[in-house]
Structure formats: C-alpha cells, structure tokens
Asks: 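Got a structure for you, written out below as structure tokens; questions coming shortly.
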Number of protein chains: 2
Amino acid sequence: MAALRPTSPQRSGSPQRPGPPQRPAELPPTAWAVLGLLSFPGERTGYELKKWADASLRHFYWSPAISQIYAELRRLEALGYASSRRSGPEEPRAKRSYAITAEGRAALVGWAGGAEDAGPPVLKHPLLLRVWLGHLTAPEHLRALVSEHIAHTRGELKEVHDALARADGDEAWTHPQIALRWSGRRLEAEVDLAEAMLADLTEMTGPSASGQPPEDSPTDG
Amino acid sequence: MAALRPTSPQRSGSPQRPGPPQRPAELPPTAWAVLGLLSFPGERTGYELKKWADASLRHFYWSPAISQIYAELRRLEALGYASSRRSGPEEPRAKRSYAITAEGRAALVGWAGGAEDAGPPVLKHPLLLRVWLGHLTAPEHLRALVSEHIAHTRGELKEVHDALARADGDEAWTHPQIALRWSGRRLEAEVDLAEAMLADLTEMTGPSASGQPPEDSPTDG
DNA sequence: GTGTGCATGTAAGTGGTTACATGATTGA
DNA sequence: TCAATCATGTAACCACTTACATGCACAC
C-alpha cells in the first residue's frame, strides 16, 4: 500500500572502494529497475525492495519474484554497482542492506540518458484474448468477465488514488508522483475502455449467441 | 498489415482419428493463443499464423517468435488438438498446414469458458520506468522521449484505424473486430496519457533541472 | 543472377517463475 | 502459543528469445 516512498530508514550509505573499472554492462531491464530502486536515498533490504516495487512499479512496469530481486542484488554487487552491509548486533534482526555505489549511479545515469528508448511498451491482456476468441464463449459469460475486470480495475484505481492523496504535495518525490498520476489516469482509461467494449459486445453480439465465424463446420477438426 | 482475417485459403480441414482421450491439458497461454488462431475456419501454416498474430494479437496480447509458433504447433499436434497436412505436389511450395481437431476445439472452449479469468493484464512500460527514475535524466531529454513515444503511438494508431476501416461491416468476424476497436481506443488513450504526462513534466519539473530527491549526496554510493 | 519473401526448423541461452527450505521476530 | 511478517536464499523448471542453417519461388 505504500506508494511513493519506501518505509526504510534513511541511513546514509556505507563507504566503498572504487571497484574494478568496467564499461557500463549490458543488463536486463530488471537489473536496471532494481538499481533504480536503489538510486533513491537510503539503503534497504531485498525484502523492502520487493514491497516497494509491488506498491509502485507494479502499476506500470513489473512485479518481480522475491528470489529474482535477491539474484539481481547479488549480480549488482558483483559488478560493483551496489554495496551491501550486514546488520550489526545492535539491530534486532539479521539482514543485509544494499546501497548504490558511485559506479552504479554513473552506469544508471548512462542507461537512463541513453538514446535508445529501452523498447516499446508490452501489453499482455488475457481478457482481450478471450474477447478476440469470443465465438467460443457464451456471450453472457464474456460480458460477465468484462464486468469483473471493470470491478477489479476500479479497486486498483482506488489504491492508486489513495496513494496519490497521501503523497500530494511532496515535492521531493516528483517523478514517482508523476508516474503514479499516469497510472491513475491509465486505470481510469482502462475502465472506460472496458465499458465501451461492453457496449460493443451488447450491440454487436446481442443478448444471446451470434457472431459465429462463417462455415465453421463442427466436424472440421 | 492484414488485420482481422488471415490471408490463407479457406480450405476445409483434413479428416483425423480421435486421438488418445486426455483431460484438457494444462497449457501455457501461448499454446491457447495458437490454438485460438486455429479455431477460425481454414487451415494454415506456421508462417501464416505468425503474420496473422503480428497483425492482430500483437496489439493487445503478444507477438511470438516464429520458432515458438512451430514449437507450439508440434505440441498441439502431439496432444491431438491439431492435425497437420503436408502440401501435395500440386501446390507450388512444400509446406505443412495445420487445422484444429474436434478435441482441440473442445479443450479450447473449455479454456475460454473457464471460470478463472486467465490472469490480470500485464503491462511493461519502459518509458514509465524512465519517468519514475526521472531524477537521473535531463528534463528535456525525458520530455523528448515522451514525445517520441507519442509519435510512435500515433503511427500504430493509424495502422489500427486503417485495418478497422477495411474490416468495417464484416459481420462474420465480429469478435476480432471488437478487440481491434478496443485496441484503437486504447492507443488513443495512450496518446492522451502521454500528453498529460508531458504537461505534468513541464509543470512539475520546470524547463530545467529540479525535482531531485532529497539529501542524495553524490558521494553516498 | 540477385535479393526478397515464403517456409521450416535446431541449438543454445536467459530471464524469470514456482516450490521448497529455513529461521527469527512480532503481535494477537 | 500460534499465526503473520520479516528475511534470505537454493533448485528446478519453463516459456520464450536469438542466432543459425537451409532451401525454394518469384520478381526485378
């Protein structure tokens, strides 16, 4: 439910040795995202990173497996892009906290400022696949699925609105806030889109069956 | 550029033996999507399937590698969900055409009518990740990336509009048409969303740098 | 004859998942 | 005392990709 900020303590990073000089490595997007999470001030554990990602990046980018986060953190540290610190005995719980290094920040800035646009958005919408294959489904069932989707999306929208209200006016976290606004508007659009599709469905396929593809003999396969 | 219909010949499927009785297998979504492609009348090759998917499913679901398509077709045939036919010598080019079987159709209908909603939509939007990480980028560069995205999306939108215009009034392919309409509206919303974000970016981060996260000492990592 | 499109595949790699295993701390 | 949360990882698996290899048909 936390939205913009991580809930971790605002400790300052550990001092670190420069690390071996490497040109900005080719990394999968997930690694950059994890490094991006670390680029905000403070150090944090893999577990915290996961929660934070689920509350923010999930709405427009990804929701990684926790095991994946740990794997990326290890890789980032091996590259010298992050440094880690074991909690001392003064802390109640044993854990490992990560912070970005100067090298990591430089590499990340290089990636973020890169000319290539990091690829087009990818959308995988199972509901639309079902609609596309609507001739296989009872029309009422299809409409019920769309309605469920609308209800679910409204729920997500409420979460984002709440997060936005909580974060309003926090000038320090401008960019996450802009991304969250986009997510809110996007979810509103998703609702509108589904409602328009529902209207199309009612209008074009009628209350009962219709819209079957032509000459699809039932014995043909 | 073909949109609703495949361009393949409308041949009727080959006769086939019932195949071993198996309960509807657990299949990855890609397999169902390929089987769904085959659920429209006519038989077609893997190559044709790939082109068709790129022209339709790509807008809301997926754009698979051609090698993946061939692999799924083999799996589907092994399951008895599809049957294939080698082209005879009368045809100019050697190829293998696939058709859905009765068993495959039954399994697909079971999947499509299933209670589970096949999972929530997944969105992976690299541009938003960049915006979220906007404190690492020069504001003008960020805005340029968003503008590029708008231009690119308008291009996609034109494709969909054209396809829609070509397909208008074709009552036989109602559901693919509804999905395509959704895609068109979605792309329009994507443009609106990006324009709103551009306004936010201009308003909240100013023409030059600002919106840095707090106390992020450059030596801290 | 040369390039483009049609057509089919194999091999290797990887990004990412689920399931599993472990244990400490916190709060009801 | 019992469940939930915090916290970290390993092992196995798999969906999917890229690169590669092959060859025919057709238009220029």
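Computed from a predicted structure; not experimentally measured. Per chain, numbering begins at 1; letters A, B, ... match sequence-line order.
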Asks: Would you sort out whether L27(B) and Y81(B) count as a side-chain contact (heavy atoms from CB on, under 4.5 Å), showing the intermediate values?
Replies: CA-CA 12 Å; L27(B) 250 26; Y81(B) 288 178; 4.0 Å; yes

Asks: With heavy-atom distances below 4.5 Å as the criterion, would you say the side chains of L187(A) and H161(A) are in contact?
Replies: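 No, their side chains stay 4.5 Å or more apart.
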
Asks: Looking only at non-hydrogen atoms, find the nearest pair between G113(A) and T137(B) and report the distance.
Replies: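 G113(A) and T137(B) have their closest heavy atoms at CA-CG2, 4.4 Å.
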
Asks: Anything under 3.5 Å between a donor and an acceptor, one on a side chain of residues 61-70 of chain B, the other on a protein residue two or more places apart or in another chain? List them.
Replies:
{"from": "W62(B)", "atom 1": "NE1", "to": "T30(B)", "atom 2": "OG1", "distance (Å)": "3.3"}
{"from": "S63(B)", "atom 1": "OG", "to": "D54(B)", "atom 2": "OD1", "distance (Å)": "2.8"}
{"from": "Q68(B)", "atom 1": "NE2", "to": "E72(B)", "atom 2": "OE2", "distance (Å)": "3.0"}

Asks: Under 3.5 Å, sequence neighbours excluded: what are the donor-acceptor pairs made by side chains of residues 149-157 of chain A?
Replies:
{"from": "H149(A)", "atom 1": "NE2", "to": "E190(A)", "atom 2": "OE2", "distance (Å)": "2.8"}
{"from": "T153(A)", "atom 1": "OG1", "to": "H149(A)", "atom 2": "O", "distance (Å)": "2.7"}
{"from": "R154(A)", "atom 1": "NH2", "to": "E195(A)", "atom 2": "OE2", "distance (Å)": "2.8"}

Asks: Which listed nucleotide (dG16(C), dA19(C), dC6(C)) is nearest to the side chain of P28(A)?
Replies: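 Output: dG16(C).
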
Asks: Can you say whether a donor on the side chain of S67(A) sits under 3.5 Å from an acceptor on the base of dT17(C), or the other way round?
Replies: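 Counting by modelled atom types and ignoring angles, no donor-acceptor contact under 3.5 Å is found here.
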
Asks: What is the bend of the helix from dG1(C)-dC28(D) to dA28(C)-dT1(D) when you compare the axis at one end with the axis at the other, using five pairs each and rounding to 10°?
Replies: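 Its terminal axes enclose an angle near 30°.
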
Asks: Does a side-chain N or O from T30(A) land closer than 4.0 Å to OP1 or OP2 of dG16(C), or not?
Replies: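 Checking dG16(C) against T30(A), a side-chain N or O does come within under 4.0 Å of OP1 or OP2.
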
Asks: Can you name the residues that form a side-chain hydrogen bond (donor to acceptor under 3.5 Å, both in side chains) with K158(A), not counting sequence neighbours?
Replies: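 K158(A) satisfies side-chain hydrogen bond (donor to acceptor under 3.5 Å, both in side chains) with D162(A) only.
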
Asks: Distance under 4.0 Å to a non-hydrogen atom of chain B counts as contact; along DNA chain D, which nucleotides mark the start and end?
Replies: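 Listed 5' to 3', the contact boundaries are dA15(D) to dA25(D).
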
Asks: Select from R74(B) and K124(B) the residue whose nearest nucleotide in DNA chain C is closer to the 5' end of that strand.
Replies: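 Its nearest nucleotide lies further toward 5', so the answer is R74(B).
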
Asks: What are the atom names and distances for every N/O pair under 3.5 Å that joins the protein to nucleotides 22-24 of chain C?
Replies:
{"from": "dA24(C)", "atom 1": "N3", "to": "R93(A)", "atom 2": "NH1", "distance (Å)": "3.3"}

Asks: DNA chain D: Q68(B) or S97(A), which has the more 5' nearest nucleotide?
Replies: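 The answer here is S97(A).
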
Asks: Using the rule ring pair (Phe, Tyr, Trp, His ring centres under 6.0 Å), only one of W52(B), W32(B), W173(B) pairs with W132(A); which is it?
Replies: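 Only one option passes, and that is W52(B).
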
